[in-house]
Amino acid sequence: MKLTTATPVAKAERTGWTGYILMVPGVIWLLLFFVIPFYSLVATSLYDPNGSTYAGYQMTWAFGNYPDALAKYWQPLVRSLVYGGVATFICLLLGYVLAYSIAFKAGRWKNLMLVLVIAPFFTSFLVRTLSWKLLLRDDGFFVNFLQFLHILGPDGRLLATPVAVVAGLVYNFLPFMVLPLFASIDKIDHRLIEAASDLYASPIRGFFKVTWPLSLPGVVSGTLLTFIPAAGDYINAQLLGSPQQRMVGNVIQNLFTDANDYPAAAALSMMLMLLILVMVLFYVRRSGTEDLL
Amino acid sequence: MSQVAENTGVRRTGSAGDGLRLVSLTKEFANFTAVKSIDLHVPTGSFFALLGPSGCGKTTTLRMVAGLETPTSGQILLGDKDITFEKPYRRPVNTVFQNYALFPHLDIYENVAFGLRRRKAGNVDSEVKEMLELVELTSQARKKPAQLSGGQQQRVALARALINQPEVLLLDEPLGALDLKLRRAMQIEIKRIQTEVGLTFVHVTHDQEEAMTMADTIAVMNQGVIEQMGAPADLYENPKTTFVANFLGQSNLIEGTVKGRDGDFVKVDMHGTLASIPLSRSHTTDGGSDGLGWVGIRPEKVLIADVGEDIDAPGNSIPGGIVTDVSFVGVSTQYLVRMPWGQEMQVFEQNTGRRRIFNTGESVDLSWRPEYAFLLDHSQDADAGVDVVAAP
């Protein structure tokens, strides 16, 4: 990997400033649409929570917003991380098998199968989640079937349960897992797997010693792309869950749009972001894939 | 077409249940047959080369021995054991892959230790260190494969396979990716290691020089069959087919009318000159249905002289040659000589300094010692194996 990157770096050094000029549009875009709103979010999280009828909200370095919001909303915050984590794990299991089959076994159907993975994106996120609501409805086919199998009790339901919310998250974010996994697994040289088998590794051991470590970059980017939006999602909890499945996204949305408690909403957003950032850094460090990313 | 390997040049030869044995091994793919019922025997401890142009079936044969390809029919025997359908990871056979296939996520040490660890062998550490020493990579042990040069990667691939002490080591064009100078050095290196460890090596290559330098026995493969098998010198000096004559070095093939056997020789009328070919080197004695044959002679065996000059060869010299091209290549001079019947013959002469170098347009006589000529079946294509591009 180091050898292959050596040449482009040398070239960039020779051409000097071209690289910086090419960065300008991106930098302007990020300045306008990331740095400024982000500053505004940080500032909002430090507003005087009571405001004044006269001057409106004011920036008063009210750090108390953070412990207040945490004390009030720690449950949805933790729930978000748990639901996001469980959904990501299930996505990884389902997605790895799918990506592996597409990469190694699909042959000439490879491209078609990839299109099918992305196909749900052609319809709206909202419509897809609403259709899950129909699928999982009380007295619907699934519920009746599970009741028939006695997996669900006679009064059991799927809608408004954690199962429904996590299932919705898994369904909606699976493509984000499959695509990076596919990209990583597809790149693996088949001869390496043959070499492992030639060197006395059974198919299962060969998988864990060669295929899995070489697909780690895909695993890491796939889990990040799934976990980050899943932990911040509120549509699934809103449509498929009940107030007992409220995630932090729902709380933030509610605080911003209905309760008009901007400082608490902003403080919660910041905490969610910091939590995810810390977890991601820890995770990437642990998986030892910094140089693979 | 199948023969059993001759024992010439093989250091250790064994009984019937010894070494690697392929019995009418065949591999058919959806639209072609890669390997057509080949039989061969590789004695324990020998260095065996499968030589042929790309697409001749040599790599497929190797992959079947490694277990990476399932034969359509036939048998693979290792000692007394039938391993035809044994899983690759259960065969005492290891491969040095064409592009090395080193594990990029493991360092050199772990690459070499891979096979031992999978088999849960003891004293991994001392064995890996010993092996790294053998291939002179001790100081690189903690580097990743991508940080090494091509030649070093090649040695890692060799060490990774050798450390398992396989009954047969398979080398699939192991030197194909190296430049010429490094390739020569590695040829000697691999040969040295083979002599040192005494394992059976089966080497697949398209490079005839490489095969001749390294192997005890060569099997020349073409279009899925073994054309000829034997010690390098035997193959070179006494090829049995036009393909072997052309693929292994270069040959002049001259059409002639077979006059029949005369004692230990076969007489051939070669455009008016009578040539005698030793019976042991005649692969046709009657010329078949059309009574014709190909008289073969290697360019360096052809003697060139001024018209009427006494040539150091018994028998007839062939008059009427005209030099059409002269290439001075240092150790030798290579001539093209147009013969009266229109054919251009290649003549290589050593630059000993005792004889002068001829010029383009000069008239010359050619001759050779009869014991160096060979006679081939005329039904074969005289150009077989000439322009086979030696692509890996």
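Quick note on labels: first sequence line is chain A, next is B, and so on, each numbered from 1.
Contact count versus chain A (heavy atoms, under 4.5 Å) is highest, among B:N164, B:L106, B:L170, for B:N164. Counting heavy-atom pairs closer than 4.5 Å to chain A, the top residue among B:P104, B:P92, B:A66, B:G67 is B:P104.
Taking CZ of A:R191 as the start and CG of B:D172 as the end, the distance is 9.5 Å to the nearest 0.5 Å. The CG atom of B:L68 sits 12.0 Å away from the CD1 atom of A:I193 when rounded to the nearest 0.5 Å.
Seen from the ring of A:Y200, B:R118 does not count as a face-on cation partner, given the 6.0 Å and 45° thresholds.
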A:E194 vs B:F97, side chain to side chain contact (heavy atoms under 4.5 Å, CB included): CA-CA, chis, key distance, verdict = CA-CA 9 Å; A:E194 282 185 349; B:F97 289 87; 4.1 Å; yes
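Proximity to chain A (any heavy atom under 4.5 Å) is restricted, for B:R63, to the side chain, taken from C-beta onward. Looking at A:R205, only its side chain comes within 4.5 Å of chain B, counting heavy atoms on both sides. Using a 4.5 Å cut-off between heavy atoms, B:L116 makes no contact with chain A at all.
Applying the 6.0 Å contact sphere to CZ of A:F121 captures more than 12 heavy atoms from other residues, nucleotides or ligands. Summarising the local packing, CE of A:M23 is surrounded by 12 or fewer heavy atoms from other residues, nucleotides or ligands at distances under 6.0 Å.
Within the 3.5 Å criterion, the main-chain N or O of B:A101 finds no donor-acceptor partner in the side chain of A:D189.
Across all their heavy atoms, A:A201 and B:F114 have their closest contact at CB-CE2, 4.0 Å. A:L192 approaches B:L102 most closely through the heavy-atom pair CD2-O, 3.2 Å. Closest of all the heavy-atom pairs between A:D198 and B:T95 is OD2-N, 2.6 Å.
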